[in-house]
Amino acid sequence: MEAGPARTARGAALDRVFEALCFSAATLLLAALGGIIVSLAIGGWPAFARFGFHFFTTATWDPVAEVYGALGAIVGTLVSSTLALLFALPLALGVAVFLVELCPSVLRRPIGTAVELLAGIPSIVYGMWGLFVFAPWFAKHIQMPAMMAAPAGSIWETLTAGVPNGAGILSASAILAIMILPFMAATLRELLMTVPSQVRESAYGLGSTTFEVMRKVSLPYVRTGAIGAVMLGLGRALGETMAVTFIIGNAHGLPTSIFASGSTIASTIANEFAEATGEMHTASLIALGLVLFVITFAVLALARLLIGRQAHA
Amino acid sequence: MIAAPRRLTRTLGNAAFLVFCWAATGVALIALAAILWSLLRQGIGGLDLKVFTESTPAPGSEGGLLNAILGSVMMCALAMAVAVVVGVLAGTWLSEYARTSRYGSVVRFLNDVLLSAPSILVGLFVYEIVVAPLKGFSGYAGAIALALLAVPVITRTTEDVLRLQPVALREASVALGAPVWRTILAVIWKAAQGGMLTGALLAFARISGETAPLLFTSLNNQFLNLNMAQPMANLPVVIFQFALSAYDDWRRLAWTGAMLIAVSVLAVTIIARLLAREPRRS
Amino acid sequence: MIRKLTLAFAAALMLTACGQHAGSNKAATQQGVQLSGAGSTFAGPIYAKWAEAQKAATGLALNYQAIGSGGGIKQIEASTVAFGATDKPLKSEDLDKNGLVQFPTVIGGVVPAANLPGVAPGQIKLTGPLLADIYLGKITKWNDPALAKVNAGLRLPNLPITVVHRSDGSGTTFLFTSYLAAVAPQWASVGASDSVAWPAGQGGKGNDGVAAYVKQTPGSLGYVEYAYAKQNNMTYALLQNADGQFVSPTAANFAAAAANADWSKAPGFYLLLLNQHGATAWPITGATFILMHKQQKDAATGQAVLRFFDWAYANGDAAADALAYVPLPDALKQQVRTSWGQIVGPDGKPIYAGAH
């Protein structure tokens, strides 16, 4: 490209200054993330040093005996997030298909906006709603009937044992599902819109039903991206704190029934960090934070690999 | 004919699928309606002028949410100021200087990771580097934590919207003799300002509802405090504290606070979306 | 549109900037000093009331955050607050290790509170060993024969017992578990501390979190400081004390438990009032304490803290009575004031000016 009138030295110098400013901003970002990892590793090191690999295999969380094991929190995190995904994925798919294929075009924008609004609601509002509205409803209509219906002394009774106030891992998973539904729906919708219309129309032209077009044409086309969307939803659910802390029951240890209380890594840290006296307690909480970061990082990296840069988290 | 039962299965399967899709959307809409309905019903009951003029009360006394609202506004404003500067510059760098470089893709990837990182870990980090060494909870620490959460959003949206600008725009500016920095500032940014504003609004919507990072950084404050070097009250932590209590008047205030946050976040989100669709003025 | 938004944003920033200017000026004047303290939810209600009263009377603003006794201890050790509040007193070795001074402020009681439809407050009776069994998960229903034996004549419903405990580091937990450890040998497997590995039940955050949980769940049982049970009209239980009597949680009975305490011999005022003898003594009584650094980094802050509690000792008894806390006896208050002489400023000189 032919240069225009000679650029002044001042212009060139300011160019360098500006580029340096932008570069330092970007590097600051990098440094912040690096700082988080480093400070978590340093803070959590005493716990890893003391407990070693057992930190990941023990479920005991005993501040009196100073024995800390991450297994209960890790299991709680993974179980609640996976359950949330199981509930949310079919619904998200349904919403996405609805918006792409079935919705009357007049309603498309309002319903799409409404689903996005669900994404915008802050997590503390979800937590409050979950505790004061959802939990009593859940206790009355799902938990109590299940507990009453279980014959005494059978395995069903053990499986449905639990506090009849609607708090527990299952309720927390339901709230998480509602929280991640909009993200996954929006991403799946954008993905489905990338399917070339000629491909879809040819399928319709051959006499396929909507279901068959979805199943055999659209979804396989966006399969990688769809898995990425799933991972993104999972990543969001893993890190959720406030919505879960309200309604999960805050019990350490492994869950023994479907209505059991539990805890996640995020809820444990939120509950206990400000008051953890004792070096090992604080170090164990920070070590938990590092574990959460590693899990989330892995899930996000996988999502990124699969989905490229299309999706918004 | 053999075709008939097969056709029936296909039709039925399709019908079931369509019903499912309608139902799924119904579930999502019902959930949204239920949440908004609870918020409005419980929150409006406690909404009166006192909420905006008095500070948070001791249990059993009357009061409002003034200190929490002001504290949140101040911390978010400071966080946004920092985040916009850092985020826009970083996004500009990614779009204008590092579209294809290796380092650029690393920064891009890590930005996405920070975007989705659990916010409580950010709070933990800021506690370790700001609160503990400086020996005090403060509004500044809270603002830093919020800024760390807002920067990735702004970086991401800025980069996306700058990339959308046609190359011809840049070429025209350089052809007229403008230095690169002038091109970016006066031409590209100007052209993309709608999108960048949308990004800023989305970032604001995100951080105004965040609770976890403020738990260990700004703590909370019973009284009105405008000094950011001291612990500051903020809406999300106050709601957390009041909602989990057993006092009825605290719970009512918690619902009102939750309604205020939800309404403002939703309003900002809607404004951002509307701005994104506004036709560009020439 | 963009212009309006920018204007709004600029306004918010200006508010922030003005706030800093006003704040730094305020800190200079003693009247407007803002103190921060954190810790015990056990004492939360009374400190909040005292703070409100003092703000109105003298302009001294105390920002007290009830994050649990564990939090109070941790934050004062990290010096992020001016004082920490805890119901779990520190032993003198720990005080010396961290350069801390400890003194009591009020006395209160921990009561078991339940949500039992059809049962009025003070109707149900419990003993220490029964409480231990419930919290160990051994007794799981309200109409268990062991409970019925102690509550002859009261029809207990056929509800499962939902055990509620604290999910955060709590002095109330310390008092409750120390009591159980003292009276029930089967509790030895769990131990006594501000944070234990609970064998059963769900966790609530803070005394108010436990109260909220119990209020919401029929058939639940939790332990809270009496002010919470009183303010929320919860069904509290009578407990059998060391003399075998079933007593109710009243300020008079808390005072009875504290009557024979000899504070003058306790280093750092470390004294537990659990399971005391006396016909009307409430078994789970305890004082709540304040922790401060022996050497204050800023004399003005230290003086403000001492002024706050001085005022509270002089004028706060009525508020304490209203919430069913027991104010300290005058002799003890004098002893505490004397002990404040050991708190020095950065120059080594005592910061407390003397009795009011």
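Each chain gets a letter, A, B and so on, in the order the sequences are listed, and its residues count up from 1.
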Tell me whether the rings of B/Phe109 and A/Phe297 are parallel (<30°), tilted (30 to 60°) or perpendicular (>60°).
perpendicular

Using heavy-atom distances under 4.5 Å, tell me whether A/Ile178 contacts chain B through its side chain, its backbone, both, or neither.
side chain

Where does B/Val265 contact chain A at under 4.5 Å (heavy atoms): side chain, backbone, both or neither?
side chain

CD1/A/Ile124 to CG/B/Leu235 distance, rounded to the nearest 0.5 angstrom?
9.5 Å

Check whether B/Ile184 gets within reach of chain A through its side chain, its backbone, both or neither, counting any heavy atom under 4.5 Å.
side chain

Contacting moiety of B/Ile270, where chain A heavy atoms sit under 4.5 Å
side chain

A/Leu238 versus chain B, heavy atoms under 4.5 Å apart: side chain, backbone, both or neither?
neither

Side-chain touch A/Leu14/B/Pro179, heavy atoms, less than 4.5 angstrom:
no

Per-residue contact mode, B/Ala28 against chain A (heavy atom under 4.5 angstrom):
both

B/Arg10, CZ atom: more than 12 neighbouring heavy atoms under 6.0 Å
yes

Which pairs would a plain distance check flag for residues 283-293 of chain A, meaning a side-chain donor or acceptor within less than 3.5 Å of a matching protein atom at least two apart in sequence or in another chain?
unit_1, atom_1, unit_2, atom_2, d
A/Ser284, OG, A/Met280, O, 2.7

When the 4.5 angstrom heavy-atom criterion is applied to B/Ala33 and chain A, the contacting part is neither

Chain A contacts, top residue of B/Ala258, B/Ala243, B/Ala262 (heavy-atom pairs, under 4.5 Å)
B/Ala243

For the interface with chain A, which of B/Thr269, B/Leu215, B/Thr211 has the highest count of heavy-atom pairs at distances below 4.5 Å?
B/Thr211

If you count heavy-atom pairs within less than 4.5 Å of chain A, which of B/Trp255, B/Tyr127, B/Phe20 leads?
B/Trp255

For a side chain to side chain contact (heavy atoms under 4.5 Å, CB included) check, start with the C-alpha distance between A/Phe18 and B/Tyr97, then their side-chain angles and the critical distance, and finish with the verdict.
CA-CA 11 Å; A/Phe18 186 73; B/Tyr97 296 102; 3.5 Å; yes

Could you tell me which non-hydrogen atom of B/Trp93 sits nearest to which non-hydrogen atom of A/Ala26, and how far apart they are?
CE3-CB, 3.5 Å

According to salt bridge (charged side-chain N to carboxylate O under 4.0 Å, His left out), does anything in residues 109-137 of chain A pair up with another residue at least two apart or in another chain? List the pairs.
A/Glu116-B/Arg273

Residue, of B/Val107, B/Leu124, B/Thr92, that accumulates the most heavy atom pairs under 4.5 Å with chain A
B/Leu124

Could you please state which residues from residues 35-43 of chain B sit under 4.5 angstrom from chain A, measuring non-hydrogen atom to non-hydrogen atom, sorted by number, or 'none'?
B/Ile35, B/Ser38, B/Leu39

Check each atom of B/Leu32 against the heavy atoms of chain A and say whether the ones under 4.5 Å are side chain, backbone, both or neither.
both

Structural part of A/Leu40 lying under 4.5 Å from a heavy atom of chain B:
side chain

In this structure, is the centre-to-centre distance between the rings of B/Tyr103 and A/Phe23 below 6.0 Å?
yes

Please examine the side chains of A/Leu29 and B/Val151, heavy atoms only from C-beta on, and report whether any two atoms are closer than 4.5 Å.
yes

Using only atom types and a distance under 3.5 Å, with no angle test, would you say the side chain of A/Asp15 pairs donor to acceptor with the backbone of B/Val180?
yes

Sort out for me which of B/Thr183, B/Leu89, B/Thr25, B/Asn14 touches chain A most, counting heavy-atom pairs under 4.5 Å.
B/Asn14

Is B/Thr155 in contact with chain A via its backbone, its side chain, both, or neither, using a 4.5 Å heavy-atom distance?
side chain

So with a 6.0 Å cut-off around CZ of B/Phe137, is the heavy-atom count from everything else above 12?
yes

Spacing of CD1 belonging to B/Ile120 relative to OG1 belonging to A/Thr245, to within rounding of 0.5 Å
7.0 Å

Where does B/Leu110 contact chain A at under 4.5 Å (heavy atoms): side chain, backbone, both or neither?
both

Need one label for A/Thr210: side chain, backbone, both or neither, based on atoms under 4.5 Å from any heavy atom in chain B.
both

Relative to chain B, which segment of A/Leu117 carries a heavy atom at a distance below 4.5 Å: side chain, backbone, both, or neither?
both

Within the supplied structure, the quantity of interest is the number of heavy atoms (other residues, nucleotides, ligands) at a distance under 6.0 Å from B/Arg170 CZ; does it exceed 12?
yes

Supply the atom-to-atom distance A/Met128 CE to B/Phe240 CZ, rounded to the nearest 0.5 angstrom.
11.5 Å

So OG1 of A/Thr241 and CG of B/Leu121: to nearest 0.5 Å the spacing works out to 8.0 Å

For A/Tyr126, which atoms come within 4.5 Å of any heavy atom of chain B: side chain, backbone, both, or neither?
side chain

Just distance, no hydrogens or angles: give the donor-acceptor pairs under 3.5 Å from side chains in residues 87-98 of chain A, sequence neighbours left out.
none

Chain A contact via B/Val27 - side chain, backbone, both or neither, heavy atoms under 4.5 Å:
side chain

Between CD1 on residue B/Ile129 and CD1 on residue A/Ile36, distance to nearest 0.5 Å
8.5 Å

At a heavy-atom separation under 4.5 Å, does B/Ala34 approach chain A through its side chain, its backbone, both, or neither?
both

Check whether A/Thr27 gets within reach of chain B through its side chain, its backbone, both or neither, counting any heavy atom under 4.5 Å.
both

Taking every heavy-atom pair that is under 4.5 Å apart, which of B/Val153, B/Val85, B/Val88, B/Val113 has the most such pairs with chain A?
B/Val113

Report which part of B/Phe17 has an atom under 4.5 Å of a heavy atom belonging to chain A: side chain, backbone, both, or neither.
side chain

Roughly how far apart are A/Met231 CE and B/Ser116 OG, rounded to 0.5 Å?
13.0 Å

Which bit of B/Leu114 comes within less than 4.5 Å of chain A, counting heavy atoms only: side chain, backbone, both or neither?
both

